[in-house]
Amino acid sequence: MTEPSKLPHRGVPEHQPQAGGIAARARAAAGAPQYLSGLNPEQREAVETLDGPVLVLAGAGTGKTRVLTTRIAHILSQGRARPHEILSVTFTNKAAREMKLRLGQMLGQAVEGMPWLGTFHSIGGRILRTHAELVQLKSNFTVLDVDDQVRLLKQLLQAENIDDKRWPARMLAGLIDSWKNRGLLPQQVPSGEAASFGNGKGGKIYATYQERLKILNAADFGDLLLENIRLFRENPDVLRSYQNRFKFILVDEYQDTNVAQYLWLRLLSQAPSRPGRALSEVIPGDVTSPRLRGEVGAQSAPGEGESPQTELAEAAPHPDPLPVKDGEREKSPPKNICCVGDDDQSIYGWRGAEVDNILRFEHDFPGAKVIRLERNYRSTGHILAAASHLIAHNEGRLGKTLRTEDVDGEKVTVTGSWDSEEEARAIGEELEELQRAGENLNDVAILVRASFQMREFEDRFVTLGLPYRVIGGPRFYERAEIRDALAYLRTINSPADDLAFERIVNVPKRGLGDATVQMLHDHARKKRIPLFEAARAVVETDELKPKARGSLRDLVMQFDRWRAQSEVTSHTELAEIVLDESGYTEMWQKDRSADAAGRLDNLKELVRSMEEFENLQGFLEHISLVMDRDGEAGEEAVSLMTLHSAKGLEFDNVFLPGWEEGLFPSQRTLDEQGRAGLEEERRLAHVGLTRARRRAKIYFATNRRIHGTWSTTIPSRFLDELPAHNVEITESKGGSGWGGSGGYGASRFDNLESFGSSYSTPGWQRAQANRNRGGGGRSGGFEERQSSFSSGHGKHGPLVIEGELVAKSTGTVSEFSLDDRVFHQKFGYGHVVKIDGNKLTIAFEKAGEKKVVDSFVERV
DNA sequence: ATATTGAGGCTTTTT
DNA sequence: GCCTCAATAT
């Protein structure tokens with residue numbers, strides 16, 4: 001994440017699992033706290049200021065993670081707390097893992113002894129399971145993902161007779177999620193908002209949804225926090241026990257916290273109150289101020305009643321985590337909470353993150369010490385200057401000035417091209433150049449604003465045979481086959497899990513269609529029993545046609561058998577049995593489509609991953625929260641990802657294509673969020689630039705195909721916001737002569753009129769020609785793309801996996817053999833003369849001998 | 001109960 | 001243009 005740890009490795013060999021182990025070791029290692037010696041003064045202050053609230057404003061590349069981990073080490077070594085008394089929260093599992101790893105390096109052992117280091121959600125979930133009965137759940141509750149949520153909501157909408165065309169379930173899911181992000185229980189949703197969906201029924205359905213979740217013994221992601229807050233509010237003694245336990249609280253990426261997370265932290269960070277006493281000033285009354293994101297720092301515009309935020313502020317003041325009774329207010333100092341973040345890297349506002357949280361930290365935690373980390377150890381001078389100058393255009397920020405002692409390095413380049421295809425071509429060439437120059441491709445990334453931009457690059461890289469990996473597609477457990485398999489296991493584990501049962505009742509096809517499921521639903525509702533029990537009851541009657549009745553009976557019997565078996569066999573074995581006996585594996589084996597093999601691999605991987613858990617229960621508890629282990633490093637490859645997923649990463653060479661108005665900044669964000677949106681986009685640009693260590697290269701195209709139609713675009717306003725001194729305008733090497741004159745004018749980039757709208761230009765024609773390319777049916781969403789590379793070969797192991805989609809262009813065994821006659825969209829017919837992995841050398845009848853990648857030809 | 005065709009709809013996505 | 005979902009035909 002930042003520079004490699006240079007901390008002395010003071011290992012103590014033997015591993016003691018007890019609580020005291022790490023602390024003792026840390027203390028022993030700390031006669032003179034050497035771990036402090038590599039820190040600069042600000043970092044050191046951030047580490048050593050243990051008492052009272054601390055906000056560390058850590059700009060990009062300033063050693064944020066290092067401060068956090070060192071601080072933990074310091075707390076332990078000073079004997080201020082034992083490992084289980086430190087609450088340390090991150091947003092991602094990846095960040096949590098990273099911290100554990102670094103801590104381990106620092107303290108010389110794996111950090112099993114830090115039980116409360118994890119993501120908001122996993123810690124929230126853990127607390128919730130411990131006290132599940134207090135929030136009307138059982139400790140083995142299921143964590144639903146978005147898909148399950150939407151399906152459940154769809155049912156509720158139907159029950160309410162709401163046209164789900166006009167009021168899509170997905171939209172309601174988003175709405176409910178946003179309410180939960182803001183810490184609002186159904187009865188707390190402002191009535192105006194509650195009524196805004198489904199002819200006034202939105203709020204009611206939210207309430208019903210929550211009730212249904214309890215019946216299903218399930219919680220969604222939002223509940224992991226919201227129900228936790230409710231738990232604390234309704235059970236002060238429980239809250240107190242956690243307040244007592246956590247002597248120190250550390251929060252990573254504080255700028256990304258939403259209101260619910262904020263409330264949760266506030267509750268825990270309050271000094272424990274005596275029994276019977278309410279918390280003091282838990283929440284300042286005006287937390288939801290009109291000046292939410294982006295309006296900050298500027299005039300708050302309180303009179304502007306049109307703004308939804310303003311409306312919200314008046315309608316829904318933040319709920320007090322604990323109701324404060326009059327006369328019981330009492331000042332008690334907030335606990336030792338340390339939040340680390342960077343307001344300039346807040347890019348998840350649209351997901352409920354509240355930049356305001358970080359901006360008003362000092363107000364929320366009186367007496368807070370604010371420490372700025374401004375020494376950047378990552379980027380060269382020009383890059384840093386460009387990024388800083390750009391972000392300075394934002395108004396709602398706390399303000400930091402990043403500086404570096406590094407050399408100026410190369411200027412940031414800006415390159416225009418005729419269209420997006422040429423852009424990909426130009427970048428492809430530069431990549432090859434870097435490769436020839438001996439750069440490690442692992443240190444090269446292409447960061448796009450929107451994932452649809454990736455396709456063009458993939459096409460290009462495949463043609464060039466340049467190894468790349470896509471980072472960030474659907475997660476492992478979001479894949480259909482994984483979710484199906486999990487649904488089987490969930491149904492076994494928890495017979496009341498209707499959503500799981502419904503998912504697999506007719507997968508594979510058993511002749512149990514909509515009609516059957518509908519009748520099961522009716523039956524279940526009437527008798528108030530789970531679907532599965534309804535199924536058991538219904539097969540005893542003759543309400544179903546013999547055929548459906550037979551297969552439903554078989555299914556019920558199978559589940560009974562599997563449940564019995566689950567008592568005596570290991571969970572991995574059980575999974576294999578279930579996948580086999582249910583016919584699920586067979587279904588994919590029979591499937592002739594290209595990705596079937598990849599899916600089977602994924603299923604195997606799933607079973608393999610189960611081994612790490614004690615039992616089925618433990619596995620299911622973790623799967624939806626922490627199933628994102630990193631893929632193995634694999635071979636050298638360029639990384640292709642969105643700007644969002646690049647946060648926290650760094651690369652020597654960073655390519656930033658698509659800097660055009662409408663795309664970046666995104667028109668939609670501008671429309672929906674106005675200036676706040678623009679500022680968030682600008683932060684995104686800042687994040688992009690600051691990922692680069694040595695070279696940052698920006699691109700824009702004059703023509704881009706969006707949703708299938710070509711449109712002419714104008715260069716991003718962000719380009720004009722870059723400091724001329726640190727930027728170099730270059731010509732596209734992609735060919736077709738975009739002779740960017742480079743003149744700095746009112747806008748340096750607006751000399752586009754000269755290109756007019758000619759639809760007969762080479763670029764356009766080339767784009768046309770390419771449109772129908774992708775022969776061999778190679779196209780499709782992430783999943784299919786992934787599988788088109790991985791299909792059919794287990795030799796190299798599943799290519800992806802673990803969490804992130806990692807498509808690769810090399811490393812598979814070709815399905816072609818020598819002398820096969822093949823067809824290529826562009827080059828026509830030919831035959832294979834050489835095979836090298838997935839790269840084929842083909843002698844084309846017309847075009848001569850060419851090297852191509854196998855996915856671009858088909859056997860004829 | 002399932003295969004096929006047509007009408008909208010589209011960003012970003014840590015959990 | 002490409003994918004998903006829902007209405008149609010088999």
Side-chain angles (χ1 to χ4, degrees), chain A residues 89-97 118-125 143-146 150 154 164-165 168-171 174 177 180-181 219-225 252-253 255-258 260-261 345 347-353 447-453 455 472-475 477-478 506 509-517 545 547-548 551 622-628 641-648 658 662-673 677 680-681 683-684 687-688 705-710 767-768 770-774 779-784 803-804:
Chain A
V89 279
T90 62
F91 275 83
T92 64
N93 292 304
K94 199 169 153 196
R97 256 192 326 270
T119 64
F120 277 102
H121 293 269
S122 63
I123 290 174
V143 178
L144 299 187
D145 59 34
V146 194
V150 170
K154 214 172 242 177
D164 66 352
K165 201 85 171 202
R170 196 158 278 284
M171 187 177 166
D177 196 49
K180 290 187 175 179
N181 284 158
D220 60 23
F221 280 122
D223 282 342
L224 296 180
L225 284 159
D252 192 16
E253 306 277 21
Q255 79 281 355
D256 287 336
T257 49
N258 60 35
Q261 286 155 341
Q345 292 188 63
I347 55 175
Y348 284 102
W350 50 274
R351 242 195 121 283
L447 311 181
V448 296
R449 172 68 244 267
S451 44
F452 70 79
Q453 292 172 261
R455 175 176 242 109
R475 300 185 135 29
Y477 70 85
E478 279 169 1
N506 200 28
K509 301 251 185 293
R510 297 188 175 88
L512 302 169
D514 289 347
T516 313
V517 173
K545 293 202 191 87
K547 219 169 170 184
S551 44
H622 279 86
I623 184 75
S624 52
L625 291 179
V626 292
M627 191 64 194
D628 81 336
M641 69 188 93
T642 63
L643 286 160
H644 282 90
S645 35
K647 190 166 73 143
L663 175 60
F664 191 34
S666 144
Q667 190 55 51
R668 190 157 159 186
T669 301
L670 259 36
D671 292 346
E672 286 172 9
Q673 317 268 347
E680 181 151 312
E681 295 284 304
R683 290 194 289 268
L684 205 44
V687 166
R705 197 178 44 184
I706 299 175
H707 309 320
T709 37
W710 285 92
Q768 285 295 305
N770 271 355
R771 219 191 297 198
N772 322 330
R773 204 178 45 168
S779 56
F782 281 113
E783 271 190 46
E784 195 174 335
E804 286 160 348

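We name chains A, B, ... by the order of the sequence lines, and we start the count at 1 in each one. As the structure is a computational prediction, the values presented were derived from the model and not from experiment.
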Student: Choosing from B/dT13, B/dA1, C/dG1, which nucleotide comes nearest the side chain of A/Arg705?
Tutor: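 Nearest to the side-chain atoms of A/Arg705, counting from C-beta on, is C/dG1.
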Student: By nearest atom, which of the nucleotides B/dT14, B/dC10, B/dT12 is closest to the A/Phe91 side chain?
Tutor: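 Of the options given, the side chain of A/Phe91 lies nearest B/dT14.
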Student: Between A/Thr119 and A/Arg510, which is nearer to the 5' end of DNA chain B once each is assigned its nearest nucleotide?
Tutor: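 Here A/Arg510 is the residue nearer the 5' end.
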Student: Scan A/Thr90 against the nucleic acid and name what it touches under 4.0 Å (heavy atoms): base, sugar-phosphate only, or nothing.
Tutor: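 Result for A/Thr90 = nothing.
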Student: Under the side chain to side chain contact (heavy atoms under 4.5 Å, CB included) rule, collect the residues that match up with A/Ser666, sequence neighbours excluded.
Tutor: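 A/Ser666 satisfies side chain to side chain contact (heavy atoms under 4.5 Å, CB included) with A/Arg449, A/Arg668, A/Thr669, A/Glu681 once adjacent residues are dropped.
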Student: Under 4.0 Å between a side-chain N/O of A/Asn93 and OP1 or OP2 of B/dT14, yes or no?
Tutor: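 No.
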Student: Are the ring of A/Trp350 and the six-membered base ring of B/dT13 within the stacking cut-offs of under 5.5 Å and under 30°?
Tutor: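 Taking the rule of under 5.5 Å and under 30°, the ring of A/Trp350 does not stack on B/dT13.
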Student: Measure CD/A/Glu478 against C1'/B/dT15 and give the value in whole Å, please.
Tutor: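 It is 10 Å, rounded to the nearest whole Å.
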Student: Does A/Thr642 reach a base, just sugar-phosphate, or nothing at all? Heavy atoms under 4.0 Å.
Tutor: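 Answer is sugar-phosphate: A/Thr642 comes under 4.0 Å of backbone atoms only.
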Student: Using atom CD of A/Gln667 as one end and atom P of B/dC10 as the other, report the distance to the nearest whole Å.
Tutor: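 Taking CD of A/Gln667 and P of B/dC10, I get 15 Å after rounding.
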Student: Out of B/dT15, B/dT12, B/dC10, which nucleotide sits closest to the side chain of A/Phe221?
Tutor: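 Closest nucleotide to the A/Phe221 side chain: B/dT15.
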Student: Restricting to non-hydrogen atoms, name the atom on A/Ala646 and the atom on A/Leu447 that form the minimum distance, rounded to 0.1 Å.
Tutor: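 Result for this residue pair: CB-CD2, 3.7 Å.
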Student: Rounded to whole angstroms, how far apart are NE2 on A/His707 and C1' on B/dA7?
Tutor: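 So the NE2-C1' distance, A/His707 to B/dA7, works out to 16 Å.
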Student: Looking at A/Asn506, does any N or O in its side chain come under 4.0 Å of the phosphate oxygens OP1/OP2 on B/dT2?
Tutor: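 Checking B/dT2 against A/Asn506, a side-chain N or O does come within under 4.0 Å of OP1 or OP2.
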Student: A/Gln345 CD to B/dT12 P: how many Å, rounded?
Tutor: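 Nearest whole value for this atom pair: 20 Å.
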Student: State which of B/dT12, B/dT13, B/dT2 makes the closest approach to the side chain of A/Tyr348.
Tutor: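 Nearest listed nucleotide: B/dT13.
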Student: If you check the A/His121 side chain, which of B/dT15, B/dT14, B/dC10 turns out closest?
Tutor: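 For the A/His121 side chain, the nearest candidate turns out to be B/dT15.
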Student: Do NZ/NE/NH1/NH2 and the carboxylate oxygens of A/Lys180 and A/Asp220 come within less than 4.0 Å?
Tutor: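 Yes.
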Student: Is any side-chain heavy atom of A/Phe452 closer than 4.5 Å to a side-chain heavy atom of A/Leu663?
Tutor: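 A side-chain contact under 4.5 Å exists here.
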Student: Using whole Å, report how far CG of A/Asp514 lies from P of C/dT8.
Tutor: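 Spelled out: CG on A/Asp514 to P on C/dT8 is 15 Å.
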Student: Checking contacts here: which listed nucleotide (C/dA6, B/dA3, B/dT12) is nearest the side-chain heavy atoms of A/Ala450?
Tutor: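 Nucleotide nearest to A/Ala450's side chain: B/dT12.
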Student: For A/Leu224 and for A/Leu684, find the nucleotide of DNA chain B with the closest heavy atom, then tell me which residue's nucleotide is more 5'.
Tutor: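 Nearer the 5' end of the strand: A/Leu684.
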Student: Whole-Å distance between B/dT13 P and A/Leu447 CG?
Tutor: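 These atoms are roughly 12 Å apart.
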Student: Take atom CG of A/Asn181 and atom P of B/dT14, then tell me their distance rounded to the nearest Å.
Tutor: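 After rounding, the gap between these two atoms is 14 Å.
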Student: Could you check how far CZ of A/Phe452 sits from C1' of B/dT13, rounded to whole Å?
Tutor: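 Taking CZ of A/Phe452 and C1' of B/dT13, I get 16 Å after rounding.
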Student: At under 4.0 Å, does any side-chain N or O of A/Thr516 touch on OP1 or OP2 of B/dA1?
Tutor: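 Answer yes for this pair, as a side-chain N or O of A/Thr516 is under 4.0 Å from OP1 or OP2.
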Student: Name all residues meeting the side chain to side chain contact (heavy atoms under 4.5 Å, CB included) criterion together with A/Thr119; count only those two or more places apart in sequence or in a different chain, and write none if there are none.
Tutor: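 For A/Thr119 the side chain to side chain contact (heavy atoms under 4.5 Å, CB included) partners, ignoring immediate neighbours, are A/Thr90, A/Asn93, A/His121, A/Ser122.
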Student: Kindly indicate whether the side chain of A/Arg351 and the base of B/dT15 share any N or O donor-acceptor pair separated by less than 3.5 Å?
Tutor: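 Checked by distance alone, the answer is yes.
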Student: Do you know the tightest heavy-atom contact between A/Glu680 and A/Tyr348?
Tutor: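 Heavy-atom minimum between the residues: OE2-N, 3.7 Å.
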Student: How would you label the contact of A/Phe120 with the nucleic acid (heavy atoms, under 4.0 Å): base, sugar-phosphate, or nothing?
Tutor: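 The answer is nothing, as A/Phe120 stays clear of every strand by at least 4.0 Å.
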